[in-house]
> 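Sending over a structure as C-alpha cells; questions will come in a sec.
Throughout, a chain's letter reflects where its sequence line sits, starting with A, and its residues are numbered from 1.
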Amino acid sequence: MNVFAEVEARVLAALRGLEEKGTLPAGLDFANVAVEQPRDPAHGDLACNAAMVLAKAAKMKPRDIAEALAGVLRLDPDVVSAEVAGPGFLNLRMRDAFWYDVVGAILAKGPLYGSSDVGRAARTNVEYVSANPTGPMHVGHCRGAVFGDALAHLLSFAGYDVTREYYINDAGGQVDVLARSAFLRYREALGEDIGEIPSGLYPGDYLKPVGAALAETYGRDLLQKPEEDWLPLVRSFAIDAMMAMIKEDLAALNISHDVFFSERSLTTGGKNQIAAAIAALDAKGLIFKGRLEKPKGHDDEEWEDREQTLFRSTAFGDDNDRALMKSDGSYTYFAADIAYHYDKLQRGFRHLINVFGADHIGYIPRMKAAVAALSDGKADLDIKVCQLVKLFKGGEPFKMSKRAGTFVTLRDVVDEVGRDPVRFMMLYRKNDAPLDFDFAKVTEQSKDNPVFYVQYAHARAASVLRNAREAFPDLEVVHEGTATADLSLLTDGGELDLIKKAAFFPTLIEGAAQAHEPHRLAFYLYDLASAFHGHWTRGNDLPQLRVIQPNDRAITAARCTLVASLKQVLSSGLTVLGVGAPEAMR
RNA sequence: GGCCCCGUAGCUCAGUGGAUAGAGCAUCAGAUUCCUAAUCUGAGGGCCGCAGGUUCAAAUCCUGCCGGGGUCGCCA
C-alpha cells in the first residue's frame, strides 16, 4: 500500500469527473499532477499541485481549479478536510482510520512492505568494485563497493531484475607484473634469497602464500622454463588467488556478485569480441583512421603524433575521439571495455549502471558514447561516481602509503570499526560528494554516530515488545506481529506522525531507486529513528504516553502494533542498505 | 586550454521544480525515582558563490562568470 499513489489515483479520478462535467476543458494532460508530502506538516497530510499544473492549459485561475477539485474530494469518506492554500495548493487531511490501515498494511506485508514494481522487472546490470586482481582491496575501493551493493539491493527491492557484476581486468600489463612478482615469491618459497623486491614489481607480503602455493603445485619445474612458458601459468594462478582474496574481503562487507566477467575472456577461446564490437561500430560509420591533437596543459615530451584507429565519440557529445589501438597494435583498455559493454547489451540488459571511482571521471563521456552507439540509443548507461574518502583518526588526517607501511586495506577498516558502521557511513552521504571517514567517530556509540542512532531505534522497539510480552504474555500482537488490536486507540499526535512517516517509505524507495540514490534511504531512516526517539522520550514526562500500560491491555496492544510496524520499516530499510538491525544493544 | 564534479548556518552535510530553505556537530539553556539518557526539549546562527534566463513557481532546470577539486593518446 502506497498512500501517495492511492490518493493520486483518487485525485486523477476526481479530475476526470470534472472534465466530464465540463468544469474543466477536455483533453488536459495530467502527467505532471502529483501528490506529495507538504514540507510543513501544518499544511496537511498530503498536498496536490494539480491546480497550478493545469491552470495554463485550462485557461483558468489556479485557485478556481483547486476549489472545484476540493469540492469533489471532500465527498471522499477518508478525506477530513481539503483546503486551498498559497498559489493553489490543495492540502488534504485524511481521517485517522486511513492511517491505521497503513499500520495494518505494514504488518501484513512484513519484509515486503515498501517493495515495489516500478522497476517492471527491467533487466538491469550494476557493475561495481571491478578492482584490479593484483592485490587486496584497499580502503579506496570500499565506498564504491558498498554503494554498488546497496544500489543493487535497492533496485531489486523496487522491482528491477538486477544482475550484480564484477569486471576482472585480467588482460593488461598489470597482471604480467603480478605474475613476475608471484614468480619471485615462488623462488623465495623454494629457498632462494630474493633480497629487496625490485621496483616495478608488487612488494606486498600477500604474495608470499601465492609463491608457496606455486611451489607446492609445481615443485621446481618452473625454474627451468623461460618466462614465456611460465608466465601464463603463474599469471592465471596468481589471478585466481587474488580474486579469491578479493571475494573474501568483499564477503567481510557482505558484498557479493552474480557474475565475474573476465576481460581476457573477450579474446580467448578462439573468439575476438573486441574485433566484433569494433566491426559493429564500423558498420555504423563510427570507426576511422585519424590523428589526435596533443592535449593542452600536458607537458608530455614523449608525445608522438601518429595515425591511429579512432572511435568517433564526438558524435555523441564527447570532446575528443578516442583511440582503440596502441602503437604496438594491441587494443586499448577502452576497446576492450566497448566489447564488454557490447556483451552486456547482447545479454539483454537495457539499464546499465557502472560505479566508478573519482579518478575515472573523464572516462564517462566516451563510455556513454559507446553504449549509445552500440544500442542505437535503446539502452541507457548511468555512471555513478564515488568521490574520495578522506581518512581521519581522531580528527587528524590519516594518509595511506604503501611505502610508509600504512597501507590501509579494506579488511583493516572492517576489522577495526565493524561492517555495519562502515556500510552506513559510506551511504550516509551523496556518492558524488567527498567523504570524511574518522575511525574514532565511526566506532563511537553515541547519538553523534548515525549508525548507532538508527540501530538503537530498532533495538528500542524490539526491547519494548519484549517487555510487553512479559507484561501481557497472551497479547497476540507481540507474538504474531499482526494487527488485531483496536488501532483507534492511537489518538496521540505523535503516534499519528510516526505512522505518516512510515507511510512515506514506499514512495521513498521508488524515488531513491529511480534516481539511483541509496543515500536517500539512509537519511530517511535517520529521520524515522529521530521521530521515534522523540516520541519515546515524551513518555518520560507523560507516563500515559508510554507504550506499555500495565492496567490497559487494549492500549498496550494498539501501541505495540504501531511499534512493531516501525520496527518493520527500520528493519527493511537497514536490510536494503545491508546494515544489521539488532534486537538488542547493550 | 577542453571536459566532469562541487560551492547551502562557524564546521560536516540533507533538500523529489513548489508554500516561512532543514539536520547533525559546535555554542548556550534545560530534562533521567520512568518501557534502554547510546535518548530528548529549547535558543541563537543564512545575499542557498555572483549575474542573467526559462517557469504560475528556481537552492533545484538553462547560459555566462568567480572560487575549490579531479581528469586529459600508446595506464587500467
> Could you check whether A:Y526 gets within reach of a base, just the sugar-phosphate, or nothing at all, counting any heavy atom under 4.0 Å?
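Answer is sugar-phosphate: A:Y526 comes under 4.0 Å of backbone atoms only.
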> How long is the line joining NZ of A:K294 and C1' of B:G73, in whole Å?
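Spelled out: NZ on A:K294 to C1' on B:G73 is 12 Å.
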> When you get a sec, tell me which of B:A14, B:U12, B:U36 is the closest nucleotide to the side chain of A:A459?
B:U36
> OP1, OP2 of B:G73 versus side-chain N and O of A:R306: anything below 4.0 Å?
no
> Mind checking A:F523 for me? I need base, sugar-phosphate or nothing, with any heavy atom below 4.0 Å counting as a touch.
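The answer is sugar-phosphate, as A:F523 gets under 4.0 Å only of primed atoms, P, OP1 or OP2.
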> Does A:K384, at its NZ atom, have more than 12 non-hydrogen atoms belonging to other residues, nucleotides or ligands within less than 6.0 Å?
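Yes, NZ of A:K384 has more than 12 neighbouring heavy atoms, counting only those of other groups under 6.0 Å.
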> For A:R553, is there an ion pair with A:D474 - N to carboxylate O distance below 4.0 angstrom?
yes
> Within the structure shown, what part of the strands sits under 4.0 Å from A:A171 by heavy-atom distance: base, sugar-phosphate, or nothing?
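A:A171: no heavy atom of the nucleic acid under 4.0 Å.
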> Can you tell me how far P in B:C61 sits from the matching atom in B:C6, rounded to whole Å?
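Taking atom P in both B:C61 and B:C6, they lie 9 Å apart.
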> I need the CG-C1' distance between A:L310 and B:G73, as an integer number of Å.
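Taking atom C1' of B:G73 as the reference, CG of A:L310 is at 9 Å.
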> Determine the interatomic distance between P on B:U16 and the same-named atom on B:C66; round to the nearest Å.
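That atom pair is separated by 29 Å.
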> Base, sugar-phosphate, or nothing: which does A:P434 touch, judged by heavy atoms less than 4.0 Å apart?
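Sugar-phosphate only.
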> For B:A31 and B:U12, measure between their C1' atoms and round to the nearest Å.
27 Å
> For B:C74, does either OP1 or OP2 sit under 4.0 Å from a side-chain N or O belonging to A:S327?
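Looking at the OP1 and OP2 atoms of B:C74, neither is under 4.0 Å from any side-chain N or O of A:S327.
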> Which one, B:A19, B:A76, B:C56, comes nearest to the side chain of A:H360?
B:A76
> May I ask you to decide if A:L562's main-chain N or O and A:E495's side chain share a donor-acceptor pair within less than 3.5 Å?
no
> Regarding A:N431, tell me which of base, sugar-phosphate or nothing describes its non-hydrogen contacts under 4.0 Å with the strands shown.
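Touches nothing.
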> How would you label the contact of A:H519 with the nucleic acid (heavy atoms, under 4.0 Å): base, sugar-phosphate, or nothing?
sugar-phosphate
> Rounding to an integer number of angstrom, what distance separates B:G70 and B:C28 when you compare their P atoms?
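The answer is 37 Å between these two P atoms.
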> Just compare B:A14, B:C56, B:A76 and give me whichever is closest to any side-chain atom of A:K430.
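Taking heavy atoms from C-beta onward, the closest nucleotide is B:A14.
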> With RNA chain B as reference, determine whether A:Y453 or A:K56 sits nearer its 5' end, using the nearest nucleotide of each.
A:Y453
> Could you state the atom-to-atom distance from CH2 of A:W536 to P of B:U41 in whole Å?
15 Å
> In whole Å, what separates the C1' atom of B:G1 from that of B:G53?
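After rounding to an integer number of Å, I get 27 Å for this pair.
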> Have a look at A:N540 and say if it touches a base, only the backbone sugar-phosphate, or nothing, with a 4.0 Å heavy-atom cut-off.
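A:N540: base contact, heavy atoms under 4.0 Å.
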> Tell me which nucleotide among B:A76, B:C5, B:G73 gets nearest to the side chain of A:Y333.
B:A76
> Is it true that A:K344 and A:E165 make a salt bridge, defined as a side-chain N closer than 4.0 Å to a carboxylate O?
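Salt bridge flag = no for A:E165 with A:K344.
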> Can you check the distance between B:A38 and B:A21, where both ends of the measurement are the C1' atom (answer in whole Å)?
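Result for the C1' pair: 31 Å, nearest Å.
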> Is A:D321 reaching over with its side chain to a backbone N or O of A:S313, donor-acceptor style, under 3.5 angstrom?
yes
> Do the ring planes of A:F504 and A:Y524 sit parallel (below 30°), tilted (30 to 60°) or perpendicular (above 60°)?
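Ring orientation of A:F504 relative to A:Y524: tilted.
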> For nucleotides B:C47 and B:U55, find the distance between their P atoms and express it as a whole number of Å.
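Comparing P positions in B:C47 and B:U55 gives a spacing of 30 Å.
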> Taking any heavy-atom pair under 4.0 Å as a contact, classify A:A85: base, sugar-phosphate, or nothing.
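It contacts base atoms.
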> Using whole Å, report how far NE2 of A:H533 lies from P of B:U41.
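Atom-to-atom, A:H533 to B:U41, this comes out as 11 Å.
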> Compare the minimum distances between each of B:G73, B:U16, B:A19 and the side chain of A:E36, then state the nucleotide with the smallest one.
B:U16
> To the side chain of A:E517, which of B:G15, B:A38, B:U20 is closest?
B:G15
> Could you check whether A:G511 gets within reach of a base, just the sugar-phosphate, or nothing at all, counting any heavy atom under 4.0 Å?
nothing
> Go ahead and name the base partner of B:C25; Watson-Crick or wobble counts if both distances stay under 3.5 Å, otherwise write none.
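Base-paired to B:G10.
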> So what does A:A47 hit on the nucleic acid, given a heavy-atom distance under 4.0 Å: a base, only sugar-phosphate, or nothing?
base
> Let me know the distance between CZ of A:F504 and C1' of B:G15, rounded to the nearest Å.
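For the pair A:F504 CZ and B:G15 C1', the rounded distance is 12 Å.
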> Consider the side chain of A:R39, meaning its heavy atoms from C-beta on, and name the nucleotide among B:G2, B:A37, B:A19 that approaches it most closely.
B:A19
> Using a 4.0 Å heavy-atom cut-off across all strands, classify A:A323 as base, sugar-phosphate, or nothing.
sugar-phosphate
> I'd like the C1' distance from B:C11 over to B:G45, given in whole Å.
13 Å
> Would you say B:U36 has OP1 or OP2 under 4.0 Å from some side-chain N or O of A:N467?
yes
> Please report the distance, rounded to the nearest Å, between CD1 in A:I239 and P in B:A76.
13 Å
> Does any nucleotide pair with B:A31 by Watson-Crick or G-U wobble geometry, both distances under 3.5 Å, and what is it?
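B:A31 is paired with B:U39.
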> Take atom CZ of A:F532 and atom P of B:U36, then tell me their distance rounded to the nearest Å.
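My rounded result for the distance is 10 Å.
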> For A:D337 and B:C74, what is the distance between atoms CG and C1' respectively, to the nearest whole Å?
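Rounding to the nearest Å, CG of A:D337 and C1' of B:C74 are 17 Å apart.
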> Which of the following nucleotides, B:A38, B:A37, B:C3, is nearest to the side chain of A:R460?
B:A37
> Categorize A:V53 for me: base, sugar-phosphate, or nothing, with a 4.0 angstrom heavy-atom threshold over every strand shown.
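Base contact - A:V53 has a heavy atom under 4.0 Å of at least one base atom.
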> What's A:R429 touching, base or sugar-phosphate or nothing? Going by heavy atoms closer than 4.0 Å.
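It contacts sugar-phosphate atoms only.
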> Measuring from the side chain of A:K326 (C-beta onward, heavy atoms only), which nucleotide among B:U55, B:A76, B:C3 has the closest atom?
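My answer, after comparing the listed nucleotides, is B:A76.
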> If you only use heavy atoms from C-beta on, which nucleotide in B:A38, B:C4, B:C74 is closest to the side chain of A:I361?
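Nearest listed nucleotide: B:C4.
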> Could you tell me whether A:G88 contacts a base, only the sugar-phosphate backbone, or nothing, with contacts defined as non-hydrogen atoms closer than 4.0 Å?
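It contacts nothing in the nucleic acid.
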> Taking only the side-chain nitrogens and oxygens of A:R291, find out if one of them lies under 4.0 Å from OP1 or OP2 of B:G73.
no
> Any salt bridge linking A:R235 with A:D176? Criterion: basic side-chain nitrogen under 4.0 Å from a carboxylate oxygen.
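Answer for the salt bridge query: yes.
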